[in-house]
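Take a look at the structure below.
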Amino acid sequence: VAAAFLYFKDPSSSVAHTCLKIAVASGAIIGGCVVGLYVFYHPALRRMSGLDWLLKSLPMQKQVQNAVHVMEMYRRRPWLVFWSFVMTFPVHITVAASALCAGEALHLHLTWGYYFVVVPVMVLVSAIPISPQGAGVMEYFAIRLTEHQGTTVAEAFALSMSVRLVQIFWNLTGGILVFRGGYHAPTDAEKSEIDNARDEADADPTAASASAA
């Protein structure tokens, strides 16, 4: 949305072409997700498309089947999934805003709105399993996406490091729960209880929901 807004706001700007490509790529990703979900949740299409065969052919079948089971649970609670998705927007906006503050502190030559285009792409590509924690991938995209507004390689690298540091500091807050104690891996009894609840949900979703309530 931010990329499309900046493109239509000023198609002749130095970053208009980049914004257009990001908007189109983002639209393609969203469209692919919608089509993929439609195929996944229709058994006939899953068979015809070969998705069933692919899921059964993947290694680590236990994890694959767990993921499929979770997807089926999501199907039964679409509004919960939708609101969970909406609730993440403040987090994404805060990440971009924190990068904006870092960029202002570093005196980068980037317009405010462009941070909401660049930072989400940087964070997204860092999740691609090419290198540990996207090392080098985020930095490359930071350089390529900011060079059109006069940002140097060193400045783009500093911006990407700022984004990483903010993520690290945020994640460290989870250590509070660990240091407080009471945190442990699921025991065999807890795993068995979870498996039994899952079997009940598969057999009778309505009864399982009533039991959980």
Side-chain angles (χ1 to χ4, degrees), residues 1-34 36 63 67 81-181 183 185:
V1 171
F5 174 78
L6 290 183
Y7 172 76
F8 288 110
K9 180 182 178 181
D10 187 5
S12 61
S13 67
S14 59
V15 294
H17 184 62
T18 300
C19 287
L20 178 61
K21 290 195 294 185
I22 292 175
V24 171
S26 300
I29 292 173
I30 295 172
C33 289
V34 172
Q63 288 79 2
V81 175
F82 173 77
W83 284 114
S84 300
F85 175 75
V86 171
M87 289 169 61
T88 65
F89 274 81
V91 177
H92 300 316
I93 293 172
T94 303
V95 171
S98 65
L100 189 158
C101 293
E104 289 296 304
L106 295 169
H107 302 291
L108 301 188
H109 303 288
L110 297 177
T111 57
W112 284 31
Y114 196 53
Y115 283 96
F116 292 87
V117 177
V118 174
V119 175
V121 175
M122 290 168 52
V123 175
L124 179 63
V125 297
S126 68
I128 300 175
I130 297 177
S131 60
Q133 294 297 315
V137 181
M138 178 188 286
E139 288 72 18
Y140 171 78
F141 274 84
I143 293 169
R144 293 300 304 272
L145 292 174
T146 59
E147 61 185 358
H148 299 293
Q149 289 197 356
T151 301
T152 65
V153 172
E155 290 172 337
F157 187 83
L159 177 62
S160 64
M161 288 297 100
S162 298
V163 173
R164 289 187 185 279
L165 287 173
V166 169
Q167 291 177 331
I168 290 172
F169 287 134
W170 279 22
N171 292 336
L172 285 176
T173 59
I176 297 174
L177 300 177
V178 177
F179 289 124
R180 288 180 60 185
Y183 177 82

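Each residue takes its place number in the sequence, starting with 1.
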Begin with the C-alpha distance, continue with both residues' side-chain angles, and end with the deciding distance and a verdict on side chain to side chain contact (heavy atoms under 4.5 Å, CB included) for I22 and S26. CA-CA 6 Å; I22 292 175; S26 300; 4.0 Å; yes
Just do the side chain to side chain contact (heavy atoms under 4.5 Å, CB included) check on E155 and T146 with the steps written out, would you? CA-CA 9 Å; E155 290 172 337; T146 59; over 6 Å; no
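In this structure, the side-chain contact (heavy atoms from CB on, under 4.5 Å) partners of A158, at least two apart in sequence or on a different chain, are L106.
We find the OG-CD1 distance between S98 and I93 to be 12.0 Å, quoted to the nearest 0.5 Å. Within the model, atoms CE of M122 and CD1 of I143 stand 10.0 Å from one another, a figure rounded to the nearest 0.5 Å. Here S126 contributes atom OG and Y140 contributes atom OH; the two are 16.0 Å apart, rounded to the nearest 0.5 Å. With rounding to the nearest 0.5 angstrom, the OG1 atom of T151 is 13.5 Å from the NE2 atom of H107. Atom CG in D10 sits 9.0 Å away from atom CG in L6 (nearest 0.5 Å).
Taking 4.0 Å as the cut-off between side-chain N and carboxylate O, E139 and R164 count as a salt-bridged pair.
Between the Y114 side chain and the L145 main chain, a donor and an acceptor come within less than 3.5 Å of each other.
In F141, the CZ atom is not crowded: 12 or fewer heavy atoms of neighbouring residues, nucleotides or ligands sit closer than 6.0 Å. Applying the 6.0 Å contact sphere to CH2 of W112 captures no more than 12 heavy atoms from other residues, nucleotides or ligands.
A donor and an acceptor atom, one from each side chain of T173 and N171, are nowhere located under 3.5 Å apart.
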